[in-house]
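The next block holds one structure in the form of C-alpha cells; read it before the comments.
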Amino acid sequence: MSNHDPAQAMTDDDAVAAFRAALRHPTVAGSAYDAAVFSAFHETLRSSFPLLFAAAESVEVPGDALLLRVGGTTDADPLVLMAHQDVVPIEPSDTWTHPPFDAHDDGEFLWGRGTLDDKGSLVAICVAIERLLGRGVTPRRDVWLSFGADEEVMGHHAAAAVEALRARGVTPFVVLDEGGAVASEVFPGVTKPVAMIGVAEKGTADLRLVAHGDGGHASTPKRGGATAKLARAISALDANPAPARLTPTAVAMFEAVAEVAARPLSLVLGRIGSASGLFARVLTRLGPETAAIVRTTRAVTMLEGSKAQNVIATTATAGVNMRISVGESLDEAVHAVERAVRPHAQVELIGGSGPTQVAPVDHPAFETLRRVTREVLADAHVAPYVMNQATDARHFHAVWPHVYRFTPFHMSKAQRESLHNVDERITRASWLEGVRWYERLVEEA
C-alpha cells in the first residue's frame, strides 16, 4: 500500500445511499432483459463512485458486463473481485412487505431484490475501493473487478472475462466471488456464526427423461402408455438416490465446526473423518440440506405430456436438475441416472458441467481470507465448504486454482431463505461491516 494525504472518503450514509440507488434498477437478465435498465445502472455506478471509475482501466467485454482494473504499485499477482449485476425476476403473484425495487430502508434492514444476491457484494466492493482511493491509498496488487450481467441465466460474461484476463497474462493471487455467508442457525448445537468459505462448487446439469407410448383418444386408454412409463422412471429415480459419501472438504468443514459446537456434538464431529461412511449415511437421514452435502442430488422439476385433456400423450417428458458432487464427473452422473430409469425412459442431456476443482485451504490466499474474516467479522468462525449452487466463479476455477466463494455478510436463516424469494433483505449494520471486510481484504492482500 502507498498512502498519501487523506482525501474525503465516502461516509456510511453516502455508501448506503449508493447501495439504495443501485437496488432501484430492475436489472433482470433473460426474457425480461432491458438494455436501457443496465445502461442506467452503469450510469448510477459511475456517478456514485467517481474516483473508482476515474482510476480504473475499463476492458471491453461482451454485453453489459464490466471488467475494470485498478492499478497497484507492484507487479504482484492481482486480486480479482467478482459480483453480478443481474437479479432474478419478480413473480407477479408474490407479495413483498416493501416493493422489491424501492430499496426501502427501515433503519435496520435494507429491503429489495439484489440486497443479498448480488448487488450487496457488488456495491460493497465499489464502496471499499472508492474509500481507499478517497484516503489516498493505492493497492499493492492490481485489483480486477469482474461484474457480469448474466449469472442468473448461466450466461457467458464470466467466461469472456476469463479470456480477457488470460490474454493479458493475468495469474490471480486470489479470485473471490459470491458464496457462503456468515451464517447462523446452520448446525444444531452451534450458536457461533460460521463464515462458510466456498472452496469448490458442485457441478450442474439439466436432463430430460423421455418416455414413448401409443396415443389415441382418452376414452379408450391402454395400460403402460408414455405417462405411465415416465411415472415409473421418476419413481425409480426417487427410490435410487445417488450414493452418499463424505468428501475431504466436507470432513474439513465438520471438523472446523466441531471447534465451536457444544458437547456432545463437538466430540462427534471431531471424529467424523474416522467413520466418514457411517456419518454420510446418517446425514442423508437428517434432511435435504445435510443430504445434499454428501451426495449428488437429482430433482425432477418439469413435467409435460399431452396438450389436451382428452388426448393420450405419445411422448411424456420430465426435467431433471442435478447438482454433481465433487469427485464425480458429469458423464458418471448422467450414466447413473440412465441406469436408474432403464427401461422405462431414455435420458437426454440438455447441458451441464462437472464440479470444479477444490481450492486449497493451506495456501496464503485462503489464509488471507481467514485472517481478514477474523479481524473484521470477529464473532465468526471460518469453515470451508462446497457450494451446492452454480456461480460465475466456475469459469475462473476452470483456469486458476485459488478461487473462493464468500459473501461477507451476516445472514440469518430467514434471510438465506429470502434468496430468490420474497422479502430479500440485509441489515444496514451487516452490509457496512461487509464493506469494511472488502477494504481490509484489498489492504491485506
Side-chain angles (χ1 to χ4, degrees), residues 19 22-42 44-45 61-67 81-94 96 99-101 103 111-126 145-162 175-181 198 201-206 299 301-302 319 321-323 350-353 356 387-398 403 405-407 409 411 415-426:
F19 186 21
L23 291 171
R24 293 189 181 102
H25 295 281
T27 51
V28 178
S31 59
Y33 167 77
D34 185 340
V37 170
F38 281 88
S39 179
F41 177 65
H42 293 172
T44 293
L45 293 180
V61 282
D64 299 295
L66 296 173
L67 183 60
L81 300 178
M82 301 176 62
H84 60 87
Q85 307 168 49
D86 56 316
V87 298
V88 295
I90 305 299
E91 294 297 330
S93 59
D94 288 343
W96 287 62
F101 294 111
W111 299 72
R113 177 64 84 222
T115 48
L116 301 176
D117 186 16
D118 185 34
K119 287 178 182 172
S121 289
L122 188 153
V123 179
I125 291 168
C126 292
L145 309 181
S146 179
F147 299 153
D150 60 0
E151 191 272 350
E152 297 291 5
V153 293
M154 305 286 284
H156 63 280
H157 289 170
V162 169
V175 177
L176 182 72
D177 197 6
E178 63 174 332
E201 64 186 56
K202 282 184 165 183
T204 182
D206 289 317
T301 54
M302 303 169 65
N321 181 265
M322 288 198 303
R323 303 300 165 120
I350 300 172
S353 58
T356 69
M387 281 190 66
N388 292 328
Q389 300 84 3
T391 71
D392 276 344
R394 69 190 185 281
H395 298 289
F396 287 74
H397 219 154
V403 179
R405 300 153 179 85
F406 181 55
T407 304
F409 307 132
M411 294 187 200
Q415 285 174 280
R416 298 195 301 275
E417 290 173 348
S418 75
L419 289 161
H420 289 207
N421 204 343
V422 299
D423 284 349
E424 187 178 345
R425 62 201 182 277
I426 189 171

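Distance check, rounded to the nearest 0.5 Å: CZ of R394 to NZ of K202 gives 15.5 Å. Here the OG atom belonging to S146 is positioned 7.0 Å from the CG atom belonging to D392, to the nearest 0.5 angstrom. Between L66 atom CG and L145 atom CG the span is 9.0 Å, to the nearest 0.5 Å. If you take CE on M322 and CG on D206, they are separated by 9.0 Å, rounding to the nearest 0.5 Å. Here CZ of F38 is found 5.5 Å from CG of D86. Values are rounded to the nearest 0.5 Å.
The heavy-atom pair separating I426 from Q415 by the smallest distance is CA-NE2, 3.5 Å. Closest approach of W96 to I90, counting heavy atoms only: CZ2-CD1, 3.7 Å. Summarising the geometry of A124 relative to F409, their closest heavy-atom pair is CB-CZ, 4.2 Å, with the distance given to 0.1 Å. When all heavy atoms of G148 and A65 are compared, the pair lying nearest together is CA-CB, 4.1 Å. Contact record, L116 with M411: CD2-CE, 3.9 Å, taken as the closest heavy-atom pair. Between A103 and R24, the closest heavy-atom pair is CB-CG, 3.9 Å.
A distance-only check finds a donor-acceptor pair linking the side chain of D177 to the backbone of A393 [under 3.5 Å]. With hydrogens and angles disregarded, a donor-acceptor distance shorter than 3.5 Å links the side chain of R113 to the backbone of N421. T204 places no side-chain N or O within 3.5 Å of a backbone atom of R323 that could act as its donor or acceptor partner. Listed for the D64 side chain is no donor-acceptor partner under 3.5 Å among the backbone atoms of A149. Proximity of a side-chain donor or acceptor of D34 to a complementary backbone N or O of T27 within less than 3.5 Å is not detected. Of the possible polar contacts, one joining the E424 side chain to the G114 backbone as a donor-acceptor pair under 3.5 Å is found. T407 contributes a side-chain N or O that, together with a main-chain N or O of G179, makes up a donor-acceptor pair within less than 3.5 Å. Judged by distance alone, the side chain of S121 and the main-chain N or O of D118 form no donor-acceptor pair under 3.5 Å.
Side-chain contact between W111 and D423 is present, with at least one heavy-atom pair separated by less than 4.5 Å. T115 has its side chain within reach of F19: a pair of non-hydrogen atoms, C-beta onward, lies under 4.5 Å apart. Two residues are said to be in side-chain contact when any heavy atoms from C-beta on lie closer than 4.5 Å; L122 and Q85 meet this criterion.
Only one option out of E178, H397, Q389 pairs with R405 in a side chain to side chain donor-acceptor pair (under 3.5 Å); it is H397.
Qualifying side chain to side chain donor-acceptor pair (under 3.5 Å) partners for T44, counting only residues two or more places apart in sequence or in other chains: H25. With sequence neighbours excluded, the residues forming a side chain to side chain donor-acceptor pair (under 3.5 Å) with D117 are H84, H420, listed by chain and number. Under the rule for a ring pair (Phe, Tyr, Trp, His ring centres under 6.0 Å), F101 has no partner lying at least two apart in sequence or in another chain.
The cationic atom of K119 (NZ for Lys, CZ for Arg) does not lie both less than 6.0 Å from the six-membered ring centre of F147 and within 45° of the ring axis.
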For L176 and M82, run side-chain contact (heavy atoms from CB on, under 4.5 Å): C-alpha distance rounded to whole Å, both residues' side-chain angles, the deciding distance at 0.1 Å, then the answer. CA-CA 6 Å; L176 182 72; M82 301 176 62; over 6 Å; no
Could you walk me through whether E152 and V87 satisfy the side-chain contact (heavy atoms from CB on, under 4.5 Å) test, starting with their C-alpha distance in whole Å, then the side-chain angles of each, then the deciding distance to 0.1 Å, before giving a yes or no? CA-CA 7 Å; E152 297 291 5; V87 298; 5.7 Å; no
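In this structure, a donor-acceptor pair under 3.5 Å is absent between the side chains of T391 and E151.
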